[in-house]
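Throughout, a chain's letter reflects where its sequence line sits, starting with A, and its residues are numbered from 1. Since the model is a prediction, treat every value here as computed from it, not as a measurement.
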2 protein chains.
Amino acid sequence: MPTPSMEDYIEQIYMLIEEKGYARVSDIAEALAVHPSSVTKMVQKLDKDEYLVYEKYRGFSLTTKGNKIGKRLVFRHDLLEQFLKIIGVKDENIYNDVEGIEHHLSWDSIERIVDLVQFFQEDESRIDALKEIQKQNEAE
Amino acid sequence: MPTPSMEDYIEQIYMLIEEKGYARVSDIAEALAVHPSSVTKMVQKLDKDEYLVYEKYRGFSLTTKGNKIGKRLVFRHDLLEQFLKIIGVKDENIYNDVEGIEHHLSWDSIERIVDLVQFFQEDESRIDALKEIQKQNEAE
DNA sequence: ACTAATTTTTTTCTATAGTAAACTTTTAAG
DNA sequence: CTTAAAAGTTTACTATAGAAAAAAATTAGT
């Protein structure tokens, strides 16, 4: 099982590869706001654990295992962003909150949140009712 | 700002004091599943940061600051348990998930979850509608 | 093709938080 | 009131993850 930090890297690498076809150390460092030296170290660990294949100075690509996990991590991340958005969390808090919690929820909880998002999407009046409660509570 | 680990200790100490009037190193160690030596070390740090007053071998008690924070942490923990319960997460996953995420949500998100819990509590048919969606999704 | 700039890697260092084992203090039993 | 057990503390060690600075490799400009 990858650690939370390993998950951050796998997720980010997956997204970069999806978006640009490849992932470089400096892109990852930038996206995760860490130093390139930290990226190199982690990439070496991810290679050892077979999430990717690493060739010094030449780059790396996800293994089947890494790719499969990456896909799930991105799905989970996007779901949680959607969820916080729906319940009215301010945009400026969403990224950090998702970043913090995504690694700590069981897949049971994730599935329940899938249902919950669907619950709100399939009948917009539910969102309105929630907003109404928020307005009430805000007033106090 | 306390780290996630510090929050765990403050929260646990607050609960023990509420429940029994005092908190001992061994109780905390037991509750958090760490060794007594880890508790001593952390208690010393919490004393240095003025969340509690520590007297070697004699015990400790929360400062006003520690008490105020402890109260909020326990509130947050209980809220998140309620939330996961309502959306149908299995009991055996709730504790770990809450333990994982509680330190990583902004107070903005916490307030939105307060509203969400109220949304479900104030009209039970909403819970039924959610359960209906869960049944559908489970079938697939 | 050569050198300068960029990118990546290595090495050494930091902080947090936990453990094990030895040690000290407190408490409780006789 | 002494001593054994229990509770708590210290010290030295571990792992994870990140940073700074120096070194190495790659790439880009001329």
Taking OP1 and OP2 of [N], is either one under 4.0 Å from a side-chain nitrogen or oxygen of [X]?
X: B:T40; N: D:dT10; result: no
X: B:Y54; N: D:dG8; result: no
X: B:S38; N: C:dG18; result: no
X: A:H35; N: D:dG18; result: no

Correct closest heavy-atom pair for A:V43 and A:F60 would be CG1-CD2, 3.8 Å
Does B:Y57 make a side-chain donor-acceptor contact with the base of C:dT24, cut-off 3.5 Å?
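For B:Y57, whose side chain was compared with the base of C:dT24, there is a donor-acceptor pair (under 3.5 Å).
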Using a 4.0 Å heavy-atom cut-off, does [X] contact any base of the nucleic acid, only the sugar-phosphate backbone, or nothing at all?
X: A:S26; value: sugar-phosphate
X: B:S37; value: base
X: B:Y9; value: sugar-phosphate

For the pair made of [atom1] in [X] and [atom2] in [N], what is the distance, rounded to whole Å?
X: A:L32; N: D:dA17; atom1: CG; atom2: C1'; result: 12 Å
X: A:E55; N: D:dT26; atom1: CD; atom2: P; result: 11 Å
X: A:Q44; N: C:dT11; atom1: CD; atom2: C1'; result: 12 Å
X: A:K48; N: D:dT16; atom1: NZ; atom2: C1'; result: 12 Å
X: B:R58; N: D:dA7; atom1: CZ; atom2: C1'; result: 12 Å
X: B:K56; N: C:dC23; atom1: NZ; atom2: C1'; result: 11 Å
X: B:E30; N: D:dA7; atom1: CD; atom2: C1'; result: 14 Å
X: B:K41; N: D:dA12; atom1: NZ; atom2: C1'; result: 10 Å

Under 3.5 Å side-chain donor-acceptor pair for A:Q121 and A:Q82:
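A pair is found: one side chain offers a donor N or O, the other an acceptor, under 3.5 Å apart.
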Heavy-atom count check: over 12 atoms from other residues, nucleotides or ligands less than 6.0 Å from B:E122 CD?
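Check passes, neighbour count above 12.
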Can we say B:K131 and B:D128 salt-bridge, meaning some charged N sits less than 4.0 Å from an Asp/Glu carboxylate O?
no
Hey, what's the ring geometry for A:H104 with B:H104, parallel, tilted or perpendicular (30° and 60° as the breaks)?
parallel
